[in-house]
Each structure stands twice: as structure tokens, then as C-alpha cells.
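So the structure is just underneath, and the comments pick up after that.
No hydrogens, no waters, no symmetry mates; every other heavy atom, side chains included, goes into these values.
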Protein chains: 2
Amino acid sequence: MTNAAVLAALADPTRRTVFERLRRGPASVGEVAADLPVSRPAVSQHLKVLKLAGLVIDRPNGARRVYYIDPDGLGELRRWLDQFWDDALEAFKNEVEMPKKVRGRRKS
Amino acid sequence: MTNAAVLAALADPTRRTVFERLRRGPASVGEVAADLPVSRPAVSQHLKVLKLAGLVIDRPNGARRVYYIDPDGLGELRRWLDQFWDDALEAFKNEVEMPKKVRGRRKS
DNA sequence: ACTTACAGTAAGTCATGACTAACGCTGCGG
DNA sequence: CCGCAGCGTTAGTCATGACTTACTGTAAGT
């Protein structure tokens with residue numbers, strides 16, 4: 001389940017800020033670190049995590065390394081969320097329809 | 001930004017397991033804890049986090065307390081994700097169209 | 001009214017991870 | 001060829017949070 005990595009990556013506030021910074025457009029490590037109160041290596045580590053989660057892709061451009069957002073990573077999470085949403089709605093509706101029935105009581 | 005709480009809540013594997021357990025249908029704390037290798041207070045704490053994030057709602061049913069999934073919480077995250085997805089796609093397409101232009105250079 | 005069962009809270013322990021400082025590597029310029 | 005600039009990596013520190021044990025509160029049954 002890749003969703004675990006994606007959710008774990010998006011959970012950290014700093015990492016989410018980095019990710020949202022990349023939403024405007026591609027940027028190098030130094031450019032991202034310039035806007036954040038953390039050091040450059042920290043940004044590099046965050047980008048590594050985002051890369052392992054499949055959320056960003058890096059392209060070496062000479063000495064610089066430019067990071068882009070990978071739309072596929074978001075797509076997977078989106079599909080998982082959609083399925084979850086459908087199931088939850090169905091279960092919820094199913095619950096409303098039988099308000100005084102047996103309900104849970106899964107104890108055998 | 002409520003997304004922070006939602007993402008932080010869904011980042012933990014155990015908490016995600018609790019949430020997925022609730023997807024099948026409503027359940028009490030003891031029922032959820034029976035299927036997990038953690039103690040009952042741990043499940044209670046996880047449910048508290050999920051409740052603060054707006055992902056679940058609890059309804060006291062006598063001595064038992066039954067937890068349901070709150071569809072609204074997922075809806076918010078879904079909207080945020082959709083917007084993010086659109087922006088990322090646009091930025092990506094915009095990047096492909098101008099391969100040798102100024103690109104980022106957000107300095108100034 | 002007393003006991004039993006179920007749930008939330010408090011305090012404490014321990015692991016995960018976010019961050020910094022220092023170092024090594026690569027590519028471009030003089 | 002040599003120095004500089006930009007990144008990544010490693011080692012180490014420190015804070016956050018996940019988990020357990022013990023306790024308190026509440027609702028139902030006898």
C-alpha cells in the first residue's frame with residue numbers, strides 16, 4: 001500500500017509546505033530552502049521522502065537539481081480516497097435506514 | 001487549514017487501521033480493540049484524534065459508545081486534493097510547453 | 001444499593017523522525 | 001588545473017507521539 005508513504009509524507013507541516021511550494025512550479029533545493037526557516041539539508045531530506053513516496057520527481061540540470069510534482073502520486077491517493085468515500089457513504093446510508101435494528105453487535 | 005489534522009490523523013498505520021475498520025460499519029471501542037494488537041486505551045486515544053480531525057463521530061449508546069465515519073471530513077480532504085491535483089497538472093503542462101524558457105526563477 | 005462491564009483520562013516509557021553541523025561529491029568557471 | 005557553488009549524506013541531538021498500566025466515571029443488571 002503506497003498510500004502509507006504518501007500520507008506519512010504529507011503529514012509533516014514543513015514537508016507539506018515544501019510540496020505546496022512546488023505546486024506553483026518546479027524549483028531547486030536552494031530556492032525552496034530560501035523561503036523556509038529550515039536549513040538546506042532539511043529541505044533535501046524532505047524532498048527525498050517526497051520522492052520515495054512518488055510525489056515528486058527530480059531532474060538534474062547541471063549542478064542544480066530541479067524538483068517537479070509527480071501527478072501520479074496524487075492520483076493514487078485520490079483513488080484510494082474516492083473508494084473510501086464511497087464505502088463510507090454507503091455504510092452511513094445503510095446505517096440510517098435501520099436505526100433500531102441489530103446494528104453492530106458483532107459479538108457472535 | 002483542517003487538512004493538517006486530517007493528514008496527521010491518517011498518517012499513523014494503527015489509526016488508519018482503526019479508520020478502515022470503521023469503514024465496514026460502526027463499532028464500539030472494545031470491538032475495534034479486539035481486532036488490533038494494541039490495548040483498548042490506545043484505540044480510545046486514536047479515536048479521539050480521529051474525532052478531533054473530523055473524521056469520525058461518536059454516539060453514546062448506553063454504556064457503549066459507538067463510532068461512525070464522518071463523511072464530511074473525507075470530503076474536505078478530497079476537495080483539497082482535487083485542487084492540488086489541478087494546479088499540479090496545470091503547472092506541469094505549463095512546464096512542458098516552455099522547456100527552455102526562464103522557468104522558475106522566482107527570485108524577485 | 002452493589003457489582004459488573006465498558007470507556008475516557010493521567011502519568012510514564014520508549015521509539016520514531018525532524019533538524020542542524022560537518023563532510024564529500026559533482027559540474028562549471030577562471 | 002584549481003577554486004567555487006550547489007546538493008546529497010552522515011552523525012548526532014532533541015522533541016513529538018504512540019503505547020501501556022493504573023485509576024476514575026458511568027450505565028445496566030441482580
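Across the protein-nucleic acid pair, A:Arg64 atom CZ and D:dC4 atom P stand 19 Å apart, rounded to whole Å. Between A:His46 atom NE2 and D:dT9 atom C1' there is a gap of 15 Å when expressed in whole angstrom units. Atom CD of A:Glu31 and atom P of D:dG6 are 11 Å apart (whole Å). Distance A:Asp58 CG to D:dG6 C1': 14 Å, rounded to the nearest Å. Atom-to-atom, NZ of A:Lys48 to C1' of D:dT10 comes out at 10 Å; the value is rounded to the nearest Å.
Applying the side-chain contact (heavy atoms from CB on, under 4.5 Å) test to B:Ala8 and every residue at least two apart in sequence or in another chain returns nothing. Annotation: side chain to side chain donor-acceptor pair (under 3.5 Å) contacts of B:Lys48 (sequence neighbours excluded): none. In this structure A:Asp12 satisfies the side chain to side chain donor-acceptor pair (under 3.5 Å) test with no other residue, sequence neighbours excluded. With sequence neighbours excluded, the residues forming a side chain to side chain donor-acceptor pair (under 3.5 Å) with B:Asp82 are A:Arg78, listed by chain and number. Under the rule for a ring pair (Phe, Tyr, Trp, His ring centres under 6.0 Å), B:Tyr67 has no partner lying at least two apart in sequence or in another chain. Residues satisfying the side chain to side chain donor-acceptor pair (under 3.5 Å) test with A:Arg65, not counting sequence neighbours, are A:Asp58. A:Arg79 is linked by a side-chain contact (heavy atoms from CB on, under 4.5 Å) to A:Glu76, counting only residues two or more places apart in sequence or in another chain.
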Quick test: give all pairs of protein nitrogen or oxygen and nucleotides 24-30 of chain D nitrogen or oxygen below 3.5 Å, distance rounded to 0.1 Å.
none

Considering only nitrogen or oxygen atoms on both sides, find all protein atoms under 3.5 Å from nucleotides 20-23 of chain C and state each distance.
from	atom 1	to	atom 2	distance (Å)
C:dT20	OP2	A:Ser39	N	2.7
C:dT20	OP2	A:Ser39	OG	2.6
C:dT20	O4	A:Gln45	NE2	3.4

Distances for protein N/O vs nucleotides 12-17 of chain C N/O pairs under 3.5 angstrom?
none

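Listed here is the closest heavy atom pair of B:Gly30 and B:Arg40: CA-CD, 4.5 Å.
Annotation: ring pair (Phe, Tyr, Trp, His ring centres under 6.0 Å) contacts involving residues 21-53 of chain B, sequence neighbours excluded, are absent. Within the structure, the ring pair (Phe, Tyr, Trp, His ring centres under 6.0 Å) test picks out the following pairs touching residues 2-23 of chain B (sequence neighbours left out): A:Phe84-B:Phe19.
Of the candidates A:Val49, A:Leu22, A:Asp70, A:Val18, A:Leu22 is the only one forming a side-chain contact (heavy atoms from CB on, under 4.5 Å) with A:Val56.
At C:dA18, none of the side-chain N or O atoms of A:Thr14 fall inside 4.0 Å of OP1 or OP2 (strictly under the cut-off). Distances shown here put every side-chain N or O of B:Tyr67 at or beyond 4.0 Å from the OP1 or OP2 atom of C:dC6.
Judged by closest nucleotide on DNA chain C, B:Ser44 is the one of B:Ser44 and A:Val49 placed further toward the 5' end.
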